[in-house]
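Proteins come first, then strands; the chains are lettered A, B, ... in the order of their sequence lines, and each starts at number 1. Small disclaimer: the values here were computed from a predicted structure and weren't measured.
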2 protein chains.
Amino acid sequence: MSRRNTVQKSTILKNLQERCDHPSALDVYHSIKSELPQVSLATVYRNLEDLSQQGKVRKLDTLDDITRFDGNISPHSHVICSHCGAIEDIAPVNSDLMLKEAQKNSLFAIREIEFVFSGLCPNCHISN
Amino acid sequence: MSRRNTVQKSTILKNLQERCDHPSALDVYHSIKSELPQVSLATVYRNLEDLSQQGKVRKLDTLDDITRFDGNISPHSHVICSHCGAIEDIAPVNSDLMLKEAQKNSLFAIREIEFVFSGLCPNCHISN
DNA sequence: TTCATTGCAAAGGGTTTGCAGGGCG
DNA sequence: CGCCCTGCAAACCCTTTGCAATGAA
């Protein structure tokens, strides 16, 4: 795990915290290019991995196979539009009951539940 | 979507239905190699995609970036060991309430929830 | 016979890694 | 001044695709 503060790392974190969407590594890369023209994609990947291991950003488990990141680390879930892939935040749901219920029937020591809600976003809902 | 029945397709489906784990395309490929020495990985991928679109197998959304498949299409969720990646079935949970709750706070027309439980499997639990 | 499906190999797309130079502590 | 981090390019890995041959209906 990296320890040093670099311009790259802080710029990436700041970028993620300032935006309200759920960008991929490539999105972040393009987004900080104007500020750091020399930055490389590899550095973005490395720092996003670091930051997520440090708990400073969240790594999202979306339904496509692209890893997305979230600068908002307060507890909340996500809804994904099954038509266009749009992702929105959703208020945190209380999962204690569900966790207990699941634990009853499993030998695993269950620690957490990740909810991935899916449906149609307003735009796709209208046009379908 | 494919229509013809081929030895490859039925062998792949049979393999998936006979096993109790959650194999990747490559796992299935290796597993049917003895029965169909000439089969290619591409065919396995194509047929798994077909079968999942036909609803005959389930495509799993695991936490690693490998797509896994499940020959058991009855409703149930999965627990993933955060240490070794082992996957086990878990009894289906009633999500109606949670769906309604989530819908209250979202403009999306929410259609379904995917639960991904994670924790430690018995083996990793003991040795940690 | 027709044309969907196959096997093969090459391409694709996201992510990771080796390396030498650069810069944080 | 040591060595972590960067940029670059190449490597990786899973998955998809183009194409000619094959085989199901």
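Between A/T67 and the phosphate of C/dG14, there is no side-chain N or O to OP1/OP2 separation shorter than 4.0 Å. Residue B/Q8 places none of its side-chain N or O atoms closer than 4.0 Å to OP1 or OP2 of D/dG23. For C/dG14, the OP1/OP2 oxygens have no side-chain nitrogen or oxygen of A/S24 closer than 4.0 Å. Contact annotation: B/N5 side-chain N/O to C/dA4 OP1/OP2 distance is not under 4.0 Å. Between C/dT16 and A/Y45, no contact under 4.0 Å exists linking OP1 or OP2 to a side-chain N or O.
Taking atom CD of A/E49 as the reference point, atom C1' of D/dC5 lies 16 Å away to the nearest angstrom. Taking atom CD1 on B/I66 and atom P on D/dC13, their separation rounds to 11 Å, with Å as the unit. When the P atom of C/dT16 is taken as reference, atom CG of A/D65 falls 13 Å away, rounded to whole Å. For the pair B/R3 CZ and C/dT5 P, the interatomic distance rounds to 6 Å; values are reported in whole Å. Rounded to a whole Å, the CZ atom of A/F69 is 11 Å from the C1' atom of C/dG14. As a whole-Å value, the separation of A/L48 CG from C/dT16 C1' is 14 Å. Atom CG of A/L26 and atom P of C/dG12 are 17 Å apart (whole Å). Atoms OH (A/Y29) and C1' (C/dG14) sit 14 Å apart, rounded to a whole Å.
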| said: Pair A/V79, A/I87 - check side-chain contact (heavy atoms from CB on, under 4.5 Å), show working. | reply: CA-CA 6 Å; A/V79 219; A/I87 303 177; over 6 Å; no
| field | Intermediate values then yes/no, side-chain contact (heavy atoms from CB on, under 4.5 Å), A/R58 and A/H76 | value | CA-CA 11 Å; A/R58 250 173 90 182; A/H76 64 282; 3.5 Å; yes
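The base of D/dC4 lies close enough to the side chain of A/R4 for a donor and an acceptor atom to sit less than 3.5 Å apart.
Judged by distance alone, the side chain of B/E101 and the main-chain N or O of B/K104 form no donor-acceptor pair under 3.5 Å. Listed for the B/S82 side chain is no donor-acceptor partner under 3.5 Å among the backbone atoms of B/S118. For the pair B/E35 (side chain) and B/T11 (backbone), a donor-acceptor distance under 3.5 Å is absent.
In this structure, the side chains of B/S77 and B/P92 stay at 4.5 Å or more apart for every pair of heavy atoms.
Ring centers of B/F117 and A/F108: at least 6.0 Å apart, outside the cut-off.
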If you look only at distance, which donor and acceptor atoms sit under 3.5 Å apart when one is on a side chain in residues 19-28 of chain B and the other is two or more places apart or in another chain?
from: B/R19; atom 1: NE; to: B/D21; atom 2: OD1; distance (Å): 2.7
from: B/R19; atom 1: NH1; to: B/N15; atom 2: OD1; distance (Å): 3.2
from: B/R19; atom 1: NH2; to: B/D21; atom 2: OD2; distance (Å): 2.9
from: B/H22; atom 1: NE2; to: B/H78; atom 2: NE2; distance (Å): 3.4
from: B/H22; atom 1: NE2; to: B/D89; atom 2: OD1; distance (Å): 2.8
from: B/S24; atom 1: OG; to: B/L26; atom 2: N; distance (Å): 3.4
from: B/S24; atom 1: OG; to: B/D27; atom 2: N; distance (Å): 3.2
from: B/S24; atom 1: OG; to: B/D27; atom 2: OD2; distance (Å): 3.1
from: B/D27; atom 1: OD2; to: B/S24; atom 2: N; distance (Å): 2.9

Could you pull out the protein-nucleic contacts involving nucleotides 19-22 of chain D (nitrogen or oxygen on both sides, under 3.5 Å)?
none

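Of all the residues in residues 32-44 of chain A, A/L41, A/A42 reach under 4.0 Å from DNA chain C with at least one non-hydrogen atom.
Within a 6.0 Å radius of CD in B/E88, no more than 12 heavy atoms belonging to other residues, nucleotides or ligands are found.
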